[in-house]
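In what follows, chains are A, B, ... by sequence order, proteins preceding strands, each numbered from 1.
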Amino acid sequence: GAVVSQHPSRVICKSGTSVKIECRSLDFQATTMFWYRQFPKKSLMLMATSNEGSKATYEQGVEKDKFLINHASLTLSTLTVTSAHPEDSSFYICSARLAGVYQETQYFGPGTRLLVL
Amino acid sequence: KNQVEQSPQSLIILEGKNCTLQCNYTVSPFSNLRWYKQDTGRGPVSLTIMTFSENTKSNGRYTATLDADTKQSSLHITASQLSDSASYICVVSGSWGKLQFGAGTQVVVTP
């Protein structure tokens, strides 16, 4: 099956610093990738839709200047948490869309655990 | 209000026993419904995907059912194993590319 990787798997940073998370589709090209955030024992919440070669589409309530998304190639999207604060600590998951003949499927990455001190 | 409701919120079962998880949704128009397994600290992994015309789909010991008329789905786990301990998430696709997530059912399998 299709594989999506994320790097790093976990990161600890100081408050005020910026953190970049990478999402890669390893064996397929993805024109669209998605970024989710998940709090403990809660479901995934869509943050933004990342489109290759164009600006990301952010969900209501998500600050685009704080969560910078870049989708520079068909296999890579990055999420940068700028000026991170402790409340940004969370589990960030990306997914990549693979369009099939009959339906499209999203394949999820393993997630990145961010802890802001 | 969440358009995808799952029950129970959590359950504990003995190894070797069966269990059934429920998912009710109000997403419309409906494209497909998926069940994912998410281990702690990991991303979700797809178990089954069903369109409106499919009533049941199996993946090993996992069997999903779908009633598109009543907008209900279930995931049945047969002969549970310790490795089945995870969160099981029901995800409904409405508008193309837009997924609605349930809150998940936390399953704990005990020896």
Side-chain angles (χ1 to χ4, degrees), chain A residues 1-11 21 23-26 30-52 56-57 59-60 89-115, chain B residues 1-11 21 23-25 27 29-54 57 59-60 66 85-108:
Chain A
V3 179
V4 176
S5 70
Q6 281 184 241
H7 178 81
S9 58
R10 57 180 61 193
V11 57
I21 303 171
C23 177
R24 294 182 184 272
S25 56
L26 299 185
T31 56
T32 304
M33 292 184 174
F34 303 87
W35 286 97
Y36 296 86
R37 184 173 181 176
Q38 187 177 32
F39 291 103
K41 298 186 179 181
K42 298 294 184 182
S43 190
L44 282 72
M45 292 177 53
L46 180 64
M47 298 174 65
T49 301
S50 170
N51 300 296
E52 188 268 336
T57 304
E59 295 298 301
Q60 189 175 10
S89 299
S90 188
F91 193 52
Y92 292 87
I93 303 175
C94 74
S95 71
R97 174 190 287 167
L98 177 61
V101 177
Y102 299 106
Q103 61 198 12
E104 51 81 25
T105 300
Q106 286 190 30
Y107 292 90
F108 290 87
T112 296
R113 176 75 60 191
L114 171 63
L115 176 61
Chain B
K1 188 180 188 312
N2 196 354
Q3 297 184 60
V4 181
E5 299 283 350
Q6 290 188 242
S7 62
Q9 188 174 28
S10 62
L11 66 91
L21 316 179
C23 174
N24 297 335
Y25 63 93
V27 178
F30 170 83
S31 176
N32 57 65
L33 184 147
R34 314 144 193 259
W35 283 94
Y36 284 89
K37 177 186 179 186
Q38 184 178 21
D39 293 312
T40 301
R42 305 293 294 175
V45 175
S46 179
L47 295 176
T48 63
I49 178 170
M50 292 181 291
T51 62
F52 70 93
S53 61
E54 298 175 287
K57 179 91 50 100
N59 178 359
L66 173 65
S85 294
S87 178
Y88 291 83
I89 305 172
C90 175
V91 183
V92 180
S93 177
S95 303
W96 193 71
K98 193 81 169 183
L99 303 183
Q100 299 290 341
F101 290 79
T105 293
Q106 187 68 43
V107 174
V108 175

### Task
Output the option from B:G104, B:P44, B:S87 having the highest count of non-hydrogen pairs under 4.5 Å with chain A.
B:P44
### Task
Sort A:Q6 into side chain, backbone, both or neither according to what part of it lies under 4.5 angstrom from a heavy atom of chain B.
neither
### Query
Would you say A:L44 and B:Q38 make side-chain contact, with heavy atoms under 4.5 Å?
yes
### Straight-line distance of A:F108 CZ to B:S46 OG, nearest 0.5 Å
9.0 Å
### Task
Using side-chain contact (heavy atoms from CB on, under 4.5 Å) as the criterion, list what pairs up with B:Q100, not counting sequence neighbours.
B:Q3, B:V4, B:V27, B:K98
### Task
Count the heavy-atom pairs under 4.5 Å between each of A:P110, A:P40, A:C94, A:S9 and chain B, then report the option with the highest count.
A:P110
## Note on the structure
B:K37 meets the salt bridge (Lys or Arg N to Asp or Glu O under 4.0 Å) criterion, sequence neighbours left out, with none
### Message
Restricting to non-hydrogen atoms, name the atom on B:I89 and the atom on A:S43 that form the minimum distance, rounded to 0.1 Å.
### Response
CG2-OG, 4.4 Å
